[in-house]
Amino acid sequence: MAAMTDPTHSALLARHRAVMPDWLATYYREPLEITHGEGRRVWDAEGREYLDFFGGILTTMTAHALPEVTKAVSEQAGRILHSSTLYLSRTAVELAERIAALSGIPDARVFFTTSGTEANDTALLLATTFRRSNQIVALRNSYHGRSFTSIGITGNSSWSPTSLSPLQTLYVHGGIRSRGPFAHLTDAQFVAACVEDLRDVLGQANGTVAALIAEPVQGVGGFTSPPDGLLAAFREVLAERGILWITDEVQTGWGRTGDHFWGWQAHAQAGPPDILTFAKGIGNGLSMGGVVARAEVMNCLDANSLSTFGGSPVTTAGALANLTYLVDHDLQGNARRVGGLLLARLQSIAAASPVVREVRGRGLMIGVELVEPGTDEPSPAIATAVLEAAREGGLLIGKGGRAGNVLRIAPPLTLTVAEAERGAAVLQSALSEAHAATTEGQRA
């Protein structure tokens, strides 16, 4: 009975392991329980405070315990928690109207889901039904969710536990700029080479291809991205064949990249995508996702459908308050300004660190790729060591990349300059500590 009331992390971990799947990933040698937060700070069950630079995997978009969101959720919960899409919902309609207008997609329709995985599943259902094809083009190193369908289009082997799939997926180059066979090319040459690769792959397809799905910045893949304009160049090739373009904005949407409200807008020369998926940040922690598509595509399903939980009264009320706060306070502009300062600070730190290969990103979506000292060899061990050292220093960050060697930095978009400086200082110390430990281990 004592274990049931013991507040320590070790006691909860033992209970977690007894009932949760072995494959359920957790961070840190000694996983922690986060009990509450405020702004950009969170506290664990043992009372320790942290600066949050990962936001529950880019989900706490504005701030922890944002008063406007908590008030909207509380008031809605006091009225009604649930009804389903069988009934009209004022907050769902209002949120859909806002998102449709912001999406850039003409004659847009919006369908709400409970997650990014479900949103991408829905996008694939729409595309394959509309095009009468189960062939999908995806980028290498991509990640689109953990369901059976979305795993089938995930180009990151470390997050793909099975090769079985209802889809035939064709993978193309373009997601990683600084590694691979095209890394040595100029941006223009890189784009041209990737376009030729796409044409070649499409030439090998078995008939009609339904869609290309791409993250404008690859999230789990380590915050990698192509040169601006690549997806626009892809779109020209797709348009020749009537192939749809799906932009996965689960991590890049809502102004996180600073320069644009949506990641696809860095490739806007070819116009908006046919389908846009979103999730994570819009709910600020609530289970919220969705799909935007032009009416012709969204309405192509000829069977009955509904959503029991997608677009629930509580989640849409919270998301609407969150989106209103984000727009009214120009958090996209804050991401651009503070993110630019943080990126420059981290690049300065990296210049003096032999374990940092590259600092990349835009806005408040920054990746730090780590390697074995003096080599180009990815080092997941050093990334893990930095993750642990940062936690000890009071900073929570993420980790990704196919080799697990990239630090993922994505704080809430209300991050201040002082907090950016504090986080950078902790990260600098963590990098030094991890490098010193690696050097000492090699000597031993």
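Numbering starts at 1 and runs along the sequence shown.
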Exercise. Would you say the side-chain atoms of Thr169 pair up with the backbone N or O of Gly152, donor to acceptor, closer than 3.5 Å?
Worked result: yes
Exercise. With side chains defined as the heavy atoms from C-beta onward, is the minimum distance between Glu433 and Glu388 less than 4.5 Å?
Worked result: no
Seminar exercise, completed: Distance col, row Leu139:CG vs Ile176:CD1, nearest 0.5 angstrom, shows 9.5 Å
Problem set entry | Under 3.5 Å: donor-acceptor pair, side chain of Asn120, backbone of His144 | yes
Problem set entry | Closest contact, heavy atoms only, Leu364 versus Val338 | CD2-C, 4.5 Å
Exercise. Side chains of Arg179 and Asp376: closer than 4.5 Å at any heavy-atom pair?
Worked result: yes
For this session: Side-chain contact test, heavy atoms from C-beta onward, threshold under 4.5 Å: evaluate it for Ile153 versus Ser142 and give yes or no.
Result: no
Problem set entry | Short side-chain to backbone donor-acceptor contact, Arg256 and Gly263, under 3.5 Å | no
Exercise. If we only count heavy atoms from C-beta on, is the Ile34 to Leu32 side-chain gap below 4.5 Å?
Worked result: yes
Exercise. Heavy-atom count around Gln269 CD within 6.0 Å, excluding the residue itself: above 12?
Worked result: yes
For this session: Take His16 and Thr26 through the side chain to side chain contact (heavy atoms under 4.5 Å, CB included) test and state the conclusion after the steps.
Result: CA-CA 11 Å; His16 172 99; Thr26 56; 4.1 Å; yes
Exercise. Distance only, no hydrogens: is a donor on one side chain within 3.5 Å (strictly under) of an acceptor on the other, for Asp121 and Ser147?
Worked result: yes
Problem set entry | Aromatic centroids of Phe278 and Trp262 separated by under 6.0 Å | no
Exercise. Just wondering, are more than 12 heavy atoms of other shown residues or ligands nearer than 6.0 Å to CZ in Arg402?
Worked result: no
Exercise. Side chain to side chain contact (heavy atoms under 4.5 Å, CB included) between Glu68 and Thr324: does it pass, once the steps are laid out?
Worked result: CA-CA 9 Å; Glu68 288 82 351; Thr324 298; over 6 Å; no
Seminar exercise, completed: Nearest heavy-atom approach of Asn405 to Pro378 is ND2-CB, 3.4 Å
Exercise. Do you know which two heavy atoms are closest between Pro273 and Thr247, and how far apart they sit?
Worked result: CG-CG2, 3.4 Å
Exercise. Quick one: CG on Leu331 to CG on Leu413, what's the gap to the nearest 0.5 Å?
Worked result: 5.5 Å
For this session: Kindly say whether Gly285 contributes a backbone atom to a donor-acceptor pair with the side chain of Thr59 at under 3.5 angstrom?
Result: no
For this session: Would you kindly say whether Thr252 and Glu249 are connected by a side-chain donor-acceptor distance under 3.5 Å?
Result: yes
For this session: Could you tell me whether the side chain of Asn334 and the main chain of Leu415 form a donor-acceptor pair under 3.5 Å?
Result: yes
Problem set entry | Residue pair Glu419 / Thr416, side-chain donor-acceptor N/O under 3.5 Å | yes
For this session: To the nearest 0.5 angstrom, please state how far the CG atom of Leu286 sits from the OG1 atom of Thr114.
Result: 12.0 Å
Exercise. Of the non-hydrogen atoms in Gly104 and Trp264, which two are nearest, and what is the gap between them?
Worked result: CA-CZ2, 4.4 Å
Exercise. Once you round to the nearest 0.5 Å, how far does CG of Leu167 lie from CZ of Phe148?
Worked result: 9.0 Å
Exercise. Hey, does the side chain of Tyr27 reach the backbone of Lys399 with a donor-acceptor pair shorter than 3.5 angstrom?
Worked result: yes
For this session: Start with the C-alpha distance between Phe234 and Val137, add both sets of side-chain angles, then the distance that settles side chain to side chain contact (heavy atoms under 4.5 Å, CB included), and finish with yes or no.
Result: CA-CA 11 Å; Phe234 276 6; Val137 179; over 6 Å; no
For this session: State, yes or no, whether a side-chain contact exists between Phe112 and Leu95 at a heavy-atom distance under 4.5 Å.
Result: yes
Problem set entry | Any donor-acceptor N/O pair, His267 side chain to Leu230 backbone, under 3.5 Å | yes
Exercise. For the side chain of Asn134 and the backbone of Pro166, is there at least one donor-acceptor N/O pair under 3.5 Å apart?
Worked result: yes
For this session: Spell out, as yes or no, whether a donor-acceptor pair under 3.5 Å connects the side chain of Asp274 to the backbone of Trp245.
Result: yes
Exercise. Is it true that the side chains of Thr224 and Arg360 contain a donor and an acceptor less than 3.5 Å apart?
Worked result: no
Exercise. Say you draw a straight line from CD1 of Ile382 to CG of Leu387; how long is it, rounded to the nearest 0.5 Å?
Worked result: 13.5 Å
Exercise. From Ser379 OG over to Glu369 CD, what is the distance, rounded to the nearest 0.5 angstrom?
Worked result: 10.5 Å
Exercise. Would one find more than 12 heavy atoms of other residues, nucleotides or ligands at under 6.0 Å from atom CZ of Arg48?
Worked result: yes
Seminar exercise, completed: All heavy atoms of Leu58 vs all of Ala410, minimum pair found to be CG-CB, 3.5 Å
Exercise. Looking at side-chain heavy atoms only, is the closest gap between Arg29 and Thr384 below 4.5 Å?
Worked result: no
Exercise. Using the benzene-type ring in the case of Trp, are the ring centres of Phe190 and His173 under 6.0 Å apart?
Worked result: no
Exercise. Within a reach of under 6.0 Å around CG of Leu13, are more than 12 heavy atoms found that belong to other residues, nucleotides or ligands?
Worked result: yes
For this session: Using atom types as modelled and distance alone, determine if a side-chain donor or acceptor of Asp197 lies under 3.5 Å from a backbone N or O of Val172.
Result: no
Problem set entry | Derivation and outcome, salt bridge (charged side-chain N to carboxylate O under 4.0 Å, His left out), residues Arg98 and Glu94 | CA-CA 6 Å; Arg98 294 285 301 277; Glu94 290 176 357; over 6 Å; no
Exercise. Does the side chain of Leu427 reach to within under 4.5 Å of the side chain of Leu407, using non-hydrogen atoms?
Worked result: yes
For this session: Check the side chains of Asn156 and Ser158 for a donor-acceptor pair under 3.5 angstrom, ignoring hydrogens and angles.
Result: yes
For this session: Determine, stepwise, if the pair Leu51 / Val426 fulfils side chain to side chain contact (heavy atoms under 4.5 Å, CB included).
Result: CA-CA 10 Å; Leu51 183 60; Val426 173; over 6 Å; no
Exercise. So, for Ala389 and Ala430, which heavy atoms are closest and what is the spacing to 0.1 Å?
Worked result: CB-CB, 3.7 Å
Exercise. Tell me, do Phe53 and Ile366 make a side-chain contact under 4.5 Å, heavy atoms counted?
Worked result: no
